[in-house]
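Input: a single structure, listed below in structure tokens.
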Amino acid sequence: MTIRYAAARTFAERVLKVNHAGENGAVHIYAGQLLFARLTAPGMVGELREFKAHEESHREIFAAELERRGVRRCRSFVLCGIGGYTLGVITGLFGRKAIAATTAAVERVVLAHLRGQLQVLEDTDPAAAAAVSRIVVDEQEHHDRSLAHLSKGRFWPALLDPVVAVSTESVIWLGMRL
Ligand SMILES: [Fe+2]
Ligand SMILES: [Fe+2]
């Protein structure tokens, strides 16, 4: 028997597929950063591995929810992986502050979207809301622990905040419409 997957139709289905693609991007950011972090930020390797494991479990939560609903993954899934890996490798080369500034910037945008998604989903799709709320605590922790690495460091946030905000917003905007 072949399972036929359909394109996302409802808001909840779009959110699930965009978040699934976004988590793939997050996994790849950390994978890219880990490539050089052993040399440029050895003290962060453990934390990056831990964060990457969280992102893999988040991706699994959304993958399972899409599969249960018979919805195919986002067309931006592979793009998110490539973009995330590229961002990760470049920032990983520059070490601790660049790595932490990337996570803080990504999570700031992501957390704002997750809260907005939850407001709609809590009334319309409790199962999708549950999937989203399962990841919020981890994302907040990634944000807060990364921010703690950046005390007094203003250079990397000033450079990366706008770049990351525009690219993350674009990916979400595009994913919701694909
Ligand atoms: Fe995540
Ligand atoms: Fe995260």
Side-chain angles (χ1 to χ4, degrees), residues 3 5-33 48 50-88 91 100-148 157 160-178:
I3 302 167
Y5 288 91
R9 290 161 303 245
T10 63
F11 176 78
E13 289 173 355
R14 285 170 198 279
V15 162
L16 292 168
K17 82 181 175 76
V18 166
N19 291 7
H20 175 241
E23 298 296 349
N24 189 46
V27 168
H28 282 82
I29 290 174
Y30 292 121
Q33 290 175 336
L48 292 173
E50 184 191 341
F51 288 179
K52 180 166 169 279
H54 292 161
E55 307 302 0
E56 283 162 352
S57 75
H58 300 166
R59 187 174 61 184
E60 197 42 54
I61 289 170
F62 292 116
E65 198 58 33
L66 287 175
E67 181 157 359
R68 191 171 73 78
R69 293 164 189 248
V71 175
R72 65 169 166 258
R73 73 185 190 188
C74 190
R75 289 197 179 89
S76 75
F77 183 86
V78 175
L79 175 80
C80 283
I82 296 168
Y85 195 74
T86 307
L87 180 66
T91 53
T102 304
T103 301
V106 171
E107 300 291 15
R108 188 176 305 127
V109 175
V110 166
L111 281 162
H113 277 275
L114 296 179
R115 297 213 166 91
Q117 293 171 356
L118 277 175
Q119 278 187 351
V120 179
L121 295 177
E122 269 159 5
D123 295 329
T124 55
D125 193 322
V132 172
S133 56
R134 279 174 70 191
I135 72 164
V136 170
V137 177
D138 285 344
E139 309 299 11
Q140 187 70 56
E141 185 195 337
H142 299 169
H143 174 269
D144 296 349
R145 282 168 68 181
S146 299
L147 215 58
L160 287 172
D161 276 354
V163 177
V164 168
V166 168
S167 36
T168 309
E169 291 286 5
S170 310
V171 165
I172 296 170
W173 185 88
L174 191 73
M176 288 300 282
R177 283 157 185 82
L178 277 173

Exercise. Rounded to the nearest 0.5 Å, what separation is found between the NE2 atom of His28 and the CD1 atom of Ile82?
Worked result: 8.5 Å
For this session: Could you check if a side-chain atom of Ser170 sits within less than 4.5 angstrom of a side-chain atom of Val166, using non-hydrogen atoms only?
Result: yes
For this session: May I ask you to test the Phe11-Leu121 pair for a side-chain heavy-atom distance under 4.5 Å?
Result: yes
Exercise. Mind checking whether Phe77 and His20 have parallel, tilted or perpendicular rings, split at 30° and 60°?
Worked result: parallel
Exercise. Counting only N and O atoms by type, is there a donor-acceptor contact under 3.5 Å from the side chain of Glu13 to the main-chain atoms of Arg9?
Worked result: yes
For this session: Please tell me if the side chains of Thr168 and Glu107 come closer than 4.5 Å, counting only heavy atoms from C-beta onward.
Result: no
Problem set entry | Salt bridge Glu56-Lys52, side-chain N to carboxylate O under 4.0 Å | yes
For this session: Would you check if Val71 and Leu16 make a side-chain contact, meaning some heavy-atom pair closer than 4.5 Å?
Result: no
Problem set entry | Reported OG-to-CD1 distance for the pair Ser76 and Ile172, which is rounded to 0.5 angstrom | 10.0 Å
Exercise. Are any non-hydrogen side-chain atoms of Glu23 and Glu139 less than 4.5 angstrom apart?
Worked result: yes
For this session: Let me know which of Val164, Thr86, Thr102 forms a side chain to side chain contact (heavy atoms under 4.5 Å, CB included) with Thr91.
Result: Thr102
For this session: Please check if the side chain of Lys17 supplies one atom and the backbone of Leu66 the other of a donor-acceptor pair under 3.5 Å.
Result: no
Exercise. Considering only heavy atoms from C-beta outward, does the side chain of Glu141 approach that of Val137 to under 4.5 Å?
Worked result: no
Problem set entry | Selection residues 111-132 - residue pairs positive for ring pair (Phe, Tyr, Trp, His ring centres under 6.0 Å), sequence neighbours left out | none
For this session: Measure across Tyr85 and Ala31 and return the closest heavy-atom pair with its distance rounded to 0.1 Å.
Result: CE1-C, 3.9 Å
Exercise. Crowded around Glu67 CD? As in, over 12 foreign heavy atoms under 6.0 Å?
Worked result: no
Problem set entry | Interatomic distance, Arg59 atom CZ to Asn19 atom CG [nearest 0.5 angstrom] | 14.0 Å
For this session: Would you check if Thr124 and Thr10 make a side-chain contact, meaning some heavy-atom pair closer than 4.5 Å?
Result: no
Exercise. Looking only at heavy atoms, which two atoms of Ala131 and Ile61 are closest? And how far apart?
Worked result: CB-CG2, 3.8 Å
Problem set entry | CG on Leu87 to CD on Gln33, rounded to 0.5 Å | 7.0 Å
Exercise. Can Glu65 and Arg69 be counted as an ion pair, charged N to O under 4.0 angstrom?
Worked result: yes
Exercise. If you look at every heavy atom in Asp161 and Ala105, which pair is closest and at what distance?
Worked result: OD1-CB, 3.3 Å
Exercise. Say you draw a straight line from SG of Cys74 to CG of Leu174; how long is it, rounded to the nearest 0.5 Å?
Worked result: 7.5 Å
For this session: I would like to know whether Met176 and Val15 meet side chain to side chain contact (heavy atoms under 4.5 Å, CB included); could you show each step before the answer?
Result: CA-CA 7 Å; Met176 288 300 282; Val15 162; 4.0 Å; yes
For this session: Check Ala12 against Ala128 and note the closest heavy-atom contact, atom names and distance.
Result: CB-CB, 4.1 Å
For this session: Provide the closest heavy-atom pair for Ala104 versus His143 in the form atom of the first, atom of the second, distance.
Result: O-CD2, 3.5 Å
Problem set entry | Main-chain N/O of His54 paired with Ser57 side-chain donor or acceptor, under 3.5 Å | yes
Seminar exercise, completed: Closest non-hydrogen atoms of Ala101 and Leu160, given as atom of the first, atom of the second and distance, are CB-CD1, 3.9 Å
Exercise. Heavy-atom distance under 4.5 Å between the side chains of Asp138 and Phe51, does that happen here?
Worked result: no
Exercise. Which is it for Arg145 and Thr103 under the side chain to side chain contact (heavy atoms under 4.5 Å, CB included) test, yes or no, and what are the steps along the way?
Worked result: CA-CA 9 Å; Arg145 282 168 68 181; Thr103 301; over 6 Å; no
